Amino acid sequence: MDSLFSIDILGSCVTRDVFTDAGGDQGFLAECRIAGYWPRSSFTCMVEPPLQVRVEELKSDSKFRNKVVLQDAARQFVHRTPNPGAVLVVDFIDQVRHSDVRICGTRLTLSQYLVESGYMQGRKVKEIPFAMRPWKKACNKVVKHIVENYSVIIVNESYYCKRAINAPPDCFDDQSEVISKYNARLEEMCAHFMRRCPKAFLLKAEEWLMRGDGGNKWGLAPYHYVQEFYSTRLSQIRDLVRRIT
């Protein structure tokens, strides 16, 4: 066993925080290195021609947010060769939250990071609403890249929470329609991905873990979970990776 597990994350903070939260297995965390992280990048953008964007064109005060926009524009994930033996962990939370924009003859993911970057200002843009059929077609191509480049693929099944601790009982009631819509998409996305990538290991979204937490360090949101979610996921990934590598 290597001294470090190289971890790539194709997903959102619900997976990133599994490896950064202090409540997890510190011994295993010390064996892990996050080699790549691709949030806020839709599959439908990943399969489009890349767009050359210079960091000087991005106006966000956050270097990280500018980096995410650059990764999305360059289609970095599908053009990158991972480290040998890298473990890929996938979640779909960001896939349901963002539409795309048609810009400069290709697509970019319409995330808040792109808006903050100012890149769209003065350019002709057209929003492309999310649609499941083109997403599935794009997913098939992304899966082809994943299967060719990763021997260990883990799906972190996650959903939007309807309830939270350390928060009012009705804290998400005003978002109930959106949450139901997004969760239906998430279920369909996960099922499609697993059909196309049967070698992937699925970490099921158990109801007792799908709870928000008003005390989460990122604040209250339907995808900022209780501490048990992150520590449980880390233990599951630890046991799986150690067993098969």
Side-chain angles (χ1 to χ4, degrees), residues 9-16 37-80 90-145 158-161 172 174-193 196 218-219 221-224:
I9 298 171
L10 180 59
S12 68
C13 62
V14 306
T15 298
R16 178 202 62 198
Y37 175 41
W38 296 273
R40 292 169 174 80
S41 191
S42 70
F43 286 4
T44 44
C45 280
M46 287 184 192
V47 300
E48 289 278 318
L51 177 62
Q52 290 188 344
V53 179
R54 302 189 313 275
V55 68
E56 295 81 11
E57 299 177 274
L58 306 181
K59 308 306 180 185
S60 174
D61 293 333
S62 167
K63 291 183 179 179
F64 170 75
R65 295 186 176 196
N66 287 336
K67 177 183 176 182
V68 169
V69 174
L70 291 171
Q71 289 182 163
D72 182 51
R75 321 307 185 205
Q76 187 192 74
F77 177 75
V78 294
H79 293 295
R80 173 181 175 275
V90 181
D91 74 73
F92 306 106
I93 289 290
D94 276 354
Q95 297 295 316
V96 300
R97 292 201 296 151
H98 305 299
S99 53
D100 296 342
V101 290
R102 176 67 62 182
I103 183 170
C104 301
T106 187
R107 290 190 185 210
L108 290 176
T109 305
L110 184 54
S111 68
Q112 186 60 33
Y113 292 0
L114 177 63
V115 175
E116 291 177 7
S117 75
Y119 186 77
M120 294 188 293
Q121 294 177 6
R123 292 181 168 86
K124 184 178 180 180
V125 299
K126 179 181 180 181
E127 183 172 355
I128 306 171
F130 174 87
M132 186 61 75
R133 185 173 179 180
W135 184 89
K136 287 182 176 178
K137 290 180 67 176
C139 179
N140 296 346
K141 296 179 181 179
V142 173
V143 166
K144 184 175 185 294
H145 170 79
S158 311
Y159 292 98
Y160 276 58
C161 303
F172 297 140
D174 61 340
Q175 304 177 58
S176 59
E177 289 187 14
V178 171
I179 288 173
S180 295
K181 177 179 73 173
Y182 283 176
N183 283 347
R185 286 181 184 175
L186 286 165
E187 184 175 11
E188 189 170 353
M189 287 175 166
C190 186
H192 180 79
F193 186 95
R196 302 297 300 191
W218 301 113
Y223 43 83
H224 293 162

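Quantities reported herein were computed from a predicted structural model and do not represent experimental measurements. Basis for what follows: all heavy atoms, side chains included, without hydrogens, waters or symmetry-related copies.
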Item to check | Derivation and outcome, side chain to side chain contact (heavy atoms under 4.5 Å, CB included), residues Phe77 and Val142 | outcome: CA-CA 9 Å; Phe77 177 75; Val142 173; 4.2 Å; yes
Checklist entry - Tyr160 and Leu186: side chain to side chain contact (heavy atoms under 4.5 Å, CB included), yes or no, with the steps? => result CA-CA 9 Å; Tyr160 276 58; Leu186 286 165; 3.9 Å; yes
Next on the checklist: To the closest 0.5 Å, what do you measure between CG (Leu108) and CZ (Arg123)?
Outcome noted: 9.5 Å
Checklist entry - Are Met46 and Ser41 close enough that some pair of their side-chain heavy atoms sits under 4.5 Å apart? => result yes
Item to check | Reported CD1-to-OG1 distance for the pair Ile128 and Thr44, which is rounded to 0.5 angstrom | outcome: 7.5 Å
Next on the checklist: Show the nearest heavy-atom pair for residues Glu48 and Thr106, with the distance to one decimal.
Outcome noted: CB-OG1, 3.5 Å
Next on the checklist: Using every non-hydrogen atom in the two residues, find where His224 and Gly219 come nearest and quote the distance to one decimal.
Outcome noted: ND1-O, 2.9 Å
Checklist outcome for this item: When every non-hydrogen atom of Gly105 is compared with those of Arg102, the smallest separation belongs to O-NH1, 3.6 Å
Item to check | side chain to side chain contact (heavy atoms under 4.5 Å, CB included) between Leu110 and Val125, worked out | outcome: CA-CA 11 Å; Leu110 184 54; Val125 299; over 6 Å; no
Item to check | Pair Ser42-Asp100, side-chain donor/acceptor within less than 3.5 Å | outcome: yes
Next on the checklist: With a 3.5 Å distance limit and no angle check, can you tell me whether Glu57 reaches the backbone of Arg54 through a side-chain donor-acceptor pair?
Outcome noted: yes
Checklist entry - Tyr223 and Val14: which non-hydrogen atoms are nearest, and at how many Å? => result O-CG1, 3.4 Å
Checklist entry - Are Met120 and Leu114 close enough that some pair of their side-chain heavy atoms sits under 4.5 Å apart? => result yes
Next on the checklist: I need the minimum non-hydrogen distance between Ala74 and His79, along with the two atoms involved.
Outcome noted: O-CD2, 3.6 Å
Checklist entry - Atom NE2 in His145, atom NZ in Lys141: separation rounded to 0.5 Å? => result 14.5 Å
Checklist entry - Does Val96 reach the side chain of Trp135, with side-chain heavy atoms less than 4.5 Å apart? => result no
Item to check | Phe64 and Tyr37 aromatic ring geometry - parallel, tilted or perpendicular at 30°/60° bounds | outcome: parallel
Checklist entry - Do the non-hydrogen side-chain atoms of Tyr119 and Val53 ever get within less than 4.5 Å of each other? => result yes
Next on the checklist: Rounded to the nearest 0.5 Å, what separates atom CG in Asp72 from atom OG1 in Thr109?
Outcome noted: 3.5 Å
Next on the checklist: Could you check, using the six-membered ring where one of them is a Trp, whether Phe193 and Phe92 have ring centers closer than 6.0 angstrom?
Outcome noted: yes
Item to check | Non-hydrogen side-chain atoms of Arg97 and Gln112 separated by less than 4.5 Å | outcome: no
Next on the checklist: Between Tyr159 and Glu187, is there a side-chain heavy-atom distance shorter than 4.5 Å?
Outcome noted: yes
Item to check | Non-hydrogen side-chain atoms of Val68 and Ser111 separated by less than 4.5 Å | outcome: no
Checklist entry - Taking it one step at a time, do His192 and Asn140 satisfy side chain to side chain contact (heavy atoms under 4.5 Å, CB included)? => result CA-CA 9 Å; His192 180 79; Asn140 296 346; 2.7 Å; yes
Next on the checklist: Tell me if a side-chain donor or acceptor on Glu127 pairs with a main-chain N or O of Ser99 at a distance below 3.5 Å.
Outcome noted: no
Checklist entry - Between atom SG of Cys139 and atom CE of Met132, what is the distance when rounded to the nearest 0.5 Å? => result 10.0 Å
Next on the checklist: Taking Val47's backbone N and O only, do any of them form a donor-acceptor pair with Arg75's side chain (distance below 3.5 Å, no angle check)?
Outcome noted: no
Checklist entry - Could you give the distance from OH (Tyr113) to OG (Ser60), rounded to the nearest 0.5 Å? => result 9.0 Å
Next on the checklist: Counting C-beta onward and ignoring hydrogens, is there a side-chain heavy-atom pair between Lys136 and Arg196 closer than 4.5 Å?
Outcome noted: no
Checklist entry - Under 6.0 Å from the CG atom of Asp174, do we count more than 12 heavy atoms belonging to anything else shown? => result yes
Next on the checklist: Tell me whether Asp91 contacts the main-chain N or O of Ser12 through its side chain, where contact means a donor paired with an acceptor under 3.5 Å.
Outcome noted: yes
